[in-house]
Structures are given as structure tokens and as C-alpha cells.
Amino acid sequence: MSGAREMSAQMTIHVAGDERSVAEGTTAADLFGADRAVVVARVNGVLVDLAHAVADGDRVEPVRIDEPDGLMVLRHSCAHVLAQAVQQVNPDAKLGIGPPIRDGFYYDFDVEKPFTPEDLKSLEKVMQRIINEGQTFHRREVSDADALVELKDEPYKCELVGLKGGMSHDDEDAGASVEVGAGTLTIYDNLRKDGSRAWGDLCRGPHIPDTKLLGNAFKVMRSAAAYWRGDQANNQLQRVYGTAWPTKADLTAYLDRLAEAEKRDHRKVGAELDLFSFPDELGSGLAVFHPKGGVLKREMEDYVRRRHIEEGFEYVGTPHISKEGLFHTSGHLPYYKDTMFPPMEFEGADYYLKAMNCPMHNLIFRSRGRSYRELPLRLFEFGSVYRFEKSGVVHGLTRVRGMTQDDSHSYITPEQAPAEIKHLLNFCLGLFRDFGLDDFYLELSTRDDKHKDKFVGSDEDWQIATKVLEDACVESGLELVPDPGGAAFYGPKVSVQARDAIGRTWQLSTIQYDFNQPKGFQLEYTAADGSRQQPVMIHSAKFGSIERFIGVLTEHYAGAFPPWLSPVQVLGIPVADDFNDYLWDVLAQMKSQGIRVELDDSDDRFPKKIRNASKSKVPFILIAGAEDMAAGAVSFRYRDGSQKNGVPVAEAIEEVIAAIRDKRQV
RNA sequence: GCUGGAGUGGCGCAAUCGGUAGCGCACCUGUCUUGUAAACAGGUGGUUGCGAGUUCGAGUCUCGUCUCCAGCUCCA
């Protein structure tokens, strides 16, 4: 190093776009170290430690702690501090992997006893001490053989060393790539101020220069079990989740966001607003809709049904159960049996609750000869399906065992596929906008080529289907995220993901290209030349499930639904009993025009009625007292607490009607 | 399904070392009722999720089971 300096050989590099001449041996820290907010560098597109020495011709950019890559590194380094803390408290804990994730990080450990909430609290204290020590991260290259010797007490790390090179995509997904990259193995040592080694971990890096940067803007969140390398067949490790941010204020803001999400939780809001419940007596994952939730559900269904018909769908109806043969033909019993409820046997046949509507729609298609002139033939219904979801995954309305799909099947010629998919995609997006969601991206789920046994159909069929879907996605201009291995057993799918009011994403629509069921059901139509041809079918559920969508909307609006969906649209509150009749007369006029109204004629005093009304989140509170009555008027109180007094009755009615008609939020 | 946590009136919570279940809201009754987030008084309601066990005695300890929560694995 000093030799190089003496020679003072110069080299040319590009720093954040500017060409600069620097001495050989210059590190990223030399270039950016003065700014503590710069935590790592990007050299020729690759993230490296600040201690990394740049080479002639390198393109070097600073990476700040608050940009996405910087946050990932910060969180990854925090995961190391957590692991150090765990091994300090429990030297027998074996290390799994510890990657950064969205908003935080986790680290997996093999420990005798799972972590208790108290353990997590004390771990946080130990972490804080490590951070306050100002330990520095140092990268050290090791050979595979040396690594295996050094890590002889870390069986999981050794396994990762053995995997290096032959790493599969699954492992990358599971975060293993954070520990070992494709190239030389590296170990990161944490050194104390006096230069002694506090801890070390097999890791690809890079890391922040020192632990001080973590400050007090981190938190250990929770622990849970996780399978080693994400495989149910492997050991369960104890995973500790944490979060880390550039500043304490960022951490607080994040915790506030979590609190906001909790406040919006549809299970909580649904109970508060008397929308739906999940009676134990029914069984797990089965919801009942109360009158107010019933209004919401009916409004949605009525609108969605009408829109389907306008878009060229035909409304059909099918039963909830069927003899097993049907689900053999469709492929569900061979490929999907675990997710179906066990059969009930009677009259010598096994009957299954349906998990999908498509087989029954196929029977409708097949009920008579079909002409090419009928295509696209689009069958649609609100189909009740039942799925035997594993007990641990059932969750509110978003993951249930009994649900209503707004399910349709388009029977088309292969040539019609691109146009039909585009049509469906636009239809879905339009529906979401009507419901107040307007931020989307697409996910393309394809077959996992390594597990072909989970999917039916030839390579060629899959290739064609995938290409058609992908083209439609690209053409939509929306962001497209690949999801390898996520396809249905009978074909690839596109799903529409929507972001809600607080930025969370939900999977809603799915559009699936299916060449298998037409084969299985021997569907055919007569082409123009008189030949018999096999149609392609496109499955599409716009909201996925009505139940889930109600859950999503409840959280999106935090229960304050736009007037057209609100169970009660106008709630009348008289200033005193004497105005009950006058106010009811106004409400009755609204009611006769289809507006959902209620009058609070309870014995409560006026302020209490206002409070109750506010908590119920009705969009329009209508107030009438002596002044209003004298003027033939009413007063509005809106959800934000604002007020509009002395509105002539006719005007008030028009205001409410317009808001409902325009599907406006108020 | 797996790991951990938790189930106490409709909802939110309390109950010390194991000593026989209490509060607020809601609900019911009565007296009230005049302009923007809680009038006052009284009252009803619980086999502490369910079933065993330990104990003189179990909300509390043990086992089983069901349900919920967090995550894993899956998925609309």
C-alpha cells in the first residue's frame, strides 16, 4: 500500500459521472468517506464496501444510507448485529441466513428453545450495546476449504458453502445468495475499537463501515419458525425479524405505519361497523355478512354483474357440488385434491364441493354444438367455491375456505386470445378504478420447469400460452413482475396487483390461459370451413373473490366507504325530538329515490348522536333544528367534521344523489 | 400442516402466591332532550373456548382438543 503511494501511480476513474484522476490504492472511503450518509459504493454497478480499493477505469458512485440499496445494506448489517447478539447470549445457537427484506431484515437460528418475547427484548439491549461499541465490518476472502474449517461449528453455513455454484433459483429466493455469492467466499469480521475480533459471519456483503450507523433506529419485531431453505421437508429454524432505518424518525414513522395498518384491519373494522363476522360455530375460514355488510356485498355484486353483461358476458348459474368424475376430467382431483374438501358419499357416488367453477362452465359450453360465430363465448357467474385451506393460512376475509368468485370463462379461438386477454385486462382495471383503486402492477406466473409434474400440458403449449399473456402484459404498459413457478396446474396466469391507500399491495384479478381443460372436456366448435376445432379458454376472476375484495376495500377506505357503497348513506340527526318528523320527511324523500337512509330518533342527546354517527362513518350526516326547519333546509355534517348549514332540501337531495351516481368519495 | 403466542358477558380489558370473577362501552328500564365526538340513575347479562386431570379448592397448574394471532409453507 505505502509502496503504491510512493510510486504515486495515478489512475483514471469516473466518480458519480465525473472523470477523476486518483492515486492507485484509493478506496471508496477515500472518495466518499467524509459524508457519513454514504455507506457503500457502487463500482461498475456492483455494491462494495467503502474499504474497497478502486481500479483504473472503474465507474464509482456513492450509495447513501437512505436510498434503496443503502437501506438493504443497513438492514443486512443490522441482521449481523442481531446474530452476534444471539450468539453472545447463546453460543450454541447455529446460524442460518440473515438477509434484508422489505422494511427490515431477519436472521434464522437453530436454537434449543424458541425465543420468548422477553428474549427478544433483551436481544435488543445486547444489540444496542454492540452498536454503541462502534464495531467495524471487515471483509476477508477465504477458500472453500478454509471456510469449512473455520465454520466447522456452523452446519448450515457449511451447507451453503457446499451449495455455492450449484445454487438454484429457490435458494436465491430464500435469501441464501446473501451469504454466498457465485465467486470467492468471504467472511465479514466485526472488530472492536481495540482491533479485537468480536464476531464473524460467512457473508457476501457488502456492509456499512461500522455499527454506529445503526444508531437507535432499529427494533427487534418478532420471532417465528421458518423452514431451512424454505423447504417444508427441512428443519424448522427460529427466525427473528427486525427493522432498521437511517434515523429514529424514520423508525417511528414506520411503526406509525404499522399502527395505521392495524387500525384499518378489516377484521377489526368489520366488527366495529357490524359488517361481517366469523362465527366459531361455522368453522374456520367461513364468514357471515351482517345486514350492513350485506348491503356492501350486494352493491358490489349488482354493479359487477351489470358491468360483465355490458362487456359481453352471459350470466350463468351452477351448483356447489358435483360427482367426482367431473373433477377428474378437469384435472382438479389429480392436481388439486389437497385443496378440496373430502368427498361425501351417497347413492354410490362421491360428491365433492367445488373448488373452481370452470368444470361446470365447460359443461354449459358442451351442452350443444357450438359455432365459431358464437366465439368469444363468455360465461360468468358469482360462483361459490370451497377450498380446504390449511389451518394456519386462513385469515379474515382475505384467505377463507368458502368464497364467492366473480368468475368467468371466455371460450375463444387461439387467434382471438391476444385481443380477449387485453379486453379482460382493461375490464379489470376499469372495475378497480370504479371502486377507487388506481395504482396497479401485473405479475406473470409461469411454470416451474424443474417441477413439471405439478403442471399438465406440453412444453409447446406452455410456451405459446405464456407468450400470449406476456405480450398482453407488455402492451398494457403496466409494471410487470415475473413469478416463476406460480402458475396454475393447467396454465400460466397474469394477476393484477393493486396498491391501497397506505401503499400495501393485494392480489386481485387473475387471468389464466388454459389449453388443458378444453382438451380434457373435448370442447369443440365448428369452424367456418366446417371442421371441428378446439377452443382455448381464458379463466378470469376480476376481484378474485368477493370476500377478499370486501376485506381489501374495508382496509383501503378504513371503513369510510364512498357513498355508493356505504351501507347507510345518509343518517339524520334531529337537534331535538321536536324535529324528528321534519327530518324524517326529508329522509323519506331521499329514500323514495333509492338512497339508504336512517334516522337517529333514539333517546340519546344531540352530541352523543353526533359521536355515534361519526364512529359509524356514514358519509352524510343530515341535521335539522329550528333554523333549518324554518328555512325548509337541512345541514350537512361530513366525515371530516366540516359543516354546511341551511341547505335547501332539494339541493341536499341532489348533492347526495350526485355523489352516489358519480361513485365519488366524500 | 409446522413453530411460537393467546382465548375471561356483544366489544375492549382487570383479577397478587391457586381461595369461588370485576370495570368501561354496548344493551334494557326510568328521568332527561334545542346546534356538532359520551346527560344522569338503576338494571340484565359470564359453567372464564371445550373436555379431562391435579387439588380441600382451578380463570390461574398439567394434558388433549377447537378457535384466533404472528410467521413459515401454500394461495383467490
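Residue numbers start from 1 in every chain, and the chains themselves are labelled A, B, ... in the order their sequence lines are given, proteins ahead of strands.
Ion pairing between a basic and an acidic side chain is recognised when a charged N comes within 4.0 Å of a carboxylate O; A/R499 and A/E479 show such pairing. The pair A/K268-A/E262 fails the salt-bridge criterion, with no side-chain N (NZ, NE, NH1 or NH2) lying under 4.0 Å from an Asp/Glu carboxylate O. Note on A/R267 versus A/D265: salt bridge recorded, some NZ/NE/NH1/NH2 to OD/OE distance being below 4.0 Å. With respect to A/R257 and A/E260, no salt bridge is recorded, no charged nitrogen being found less than 4.0 Å from a carboxylate O. The pair A/E655-A/K644 meets the salt-bridge criterion, since a charged nitrogen lies less than 4.0 angstrom from a carboxylate oxygen.
Among the heavy atoms of the strands lying under 4.0 Å from A/R637 is at least one base atom, whether or not backbone atoms are also near. At a threshold of 4.0 angstrom between heavy atoms, the contacts of A/D338 with the nucleic acid are absent. A/V385 comes within 4.0 angstrom of no nucleic acid atom, judged by non-hydrogen atoms across all strands. Among the protein residues, A/S614 comes within range of the nucleic acid bases, having at least one heavy atom under 4.0 Å from a base atom. Among the heavy atoms of the strands, none lies under 4.0 Å from A/D231. Nucleic acid contact class of A/Y241 (heavy atoms, under 4.0 Å, all strands): sugar-phosphate only. A/D577 comes within 4.0 angstrom of a base, heavy atoms only. Among the protein residues, A/S635 comes within range of the nucleic acid bases, having at least one heavy atom under 4.0 Å from a base atom. Among the heavy atoms of the strands lying under 4.0 Å from A/S391 is at least one base atom, whether or not backbone atoms are also near. At the heavy-atom level, A/D628 lies under 4.0 Å from base atoms of the strands shown. Here A/Q507 lies in heavy-atom contact (under 4.0 Å) with sugar-phosphate atoms only. At the heavy-atom level, A/A225 lies under 4.0 Å from base atoms of the strands shown.
Helical stems of RNA chain B (runs of at least 3 Watson-Crick or G-U pairs, donor-acceptor distances under 3.5 Å) are listed by first residue: B:1-7 with B:66-72, B:10-13 with B:22-25, B:27-31 with B:39-43, B:49-53 with B:61-65.
One C1' atom belongs to B/rG9, the other to B/rG24, and the distance between them is 13 Å to the nearest Å. Comparing B/rG7 with B/rG46, their C1' atoms are spaced 14 Å from each other, to the whole Å. Across the P atoms, B/rA39 and B/rU48 are found 35 Å apart, a figure rounded to whole Å. Spacing of P atoms, B/rG4 relative to B/rU62, comes out at 15 Å, to the nearest Å. Taking atom P on both nucleotides, B/rU60 is separated from B/rC2 by 25 Å, rounded to a whole Å. Spacing between B/rC50 and B/rU33 at atom C1', rounded to whole Å, works out to 47 Å. Between the P atoms of B/rC69 and B/rU8, the separation comes to 14 Å (whole Å). B/rA15 and B/rU20 have their C1' atoms separated by 12 Å, with the value rounded to a whole Å.
Less than 4.0 Å separates RNA chain B from at least one heavy atom of each of the following residues of residues 263-273 of chain A: A/R267. Near-neighbour residues of RNA chain B inside residues 541-555 of chain A, defined by a heavy atom below 4.0 Å, number-ordered: A/G544, A/S545, A/R548.
Taking the six-membered ring for Trp and thresholds of 30 and 60 degrees, A/F327 and A/Y352 have ring planes more than 60 degrees apart, a perpendicular arrangement. Between A/F489 and A/Y335, the ring planes are parallel. Angles under 30° get that label, and only those over 60° would be called perpendicular. The aromatic rings of A/Y638 and A/F636 sit parallel, their planes meeting at an angle under 30°, below the 60° perpendicular limit.
For the ring pair (Phe, Tyr, Trp, His ring centres under 6.0 Å) test, no residue two or more places apart in sequence or in another chain qualifies with A/H266. In terms of the ring pair (Phe, Tyr, Trp, His ring centres under 6.0 Å) criterion, residue partners of A/F549 (sequence neighbours excluded) are, by chain and number, A/F435, A/F543.
Residue A/D578 is the one, among A/D578 and A/T398, whose nearest nucleotide of RNA chain B lies closer to the 5' end (criterion: closest heavy atom). Two residues, A/G392 and A/K615, neighbour RNA chain B, and the one matched to the more 5' nucleotide by heavy-atom proximity is A/G392.
Here chain A contacts RNA chain B (any atom closer than 4.0 Å to a heavy atom, that is under 4.0 Å), and the contacts span B/rG1 to B/rA76 from 5' to 3'.
A side-chain contact (heavy atoms from CB on, under 4.5 Å) with A/Y106 holds for exactly one of A/I97, A/V240, A/L82; it is A/I97.
Note: A/H308 and A/F427 meet the aromatic proximity criterion, with ring centroids under 6.0 Å apart. If you look at A/Y107 and A/F105, their ring centroids are not closer than 6.0 Å.
Annotation for A/F440 and A/R433: closest pair CE1-NH2, 3.7 Å, computed over non-hydrogen atoms.
Between the side chain of A/R387 and the main chain of A/A355, a donor-acceptor pair closer than 3.5 Å is present.
Between the side chains of A/S540 and A/Q512, not a single donor N or O lies within less than 3.5 Å of an accepting N or O.
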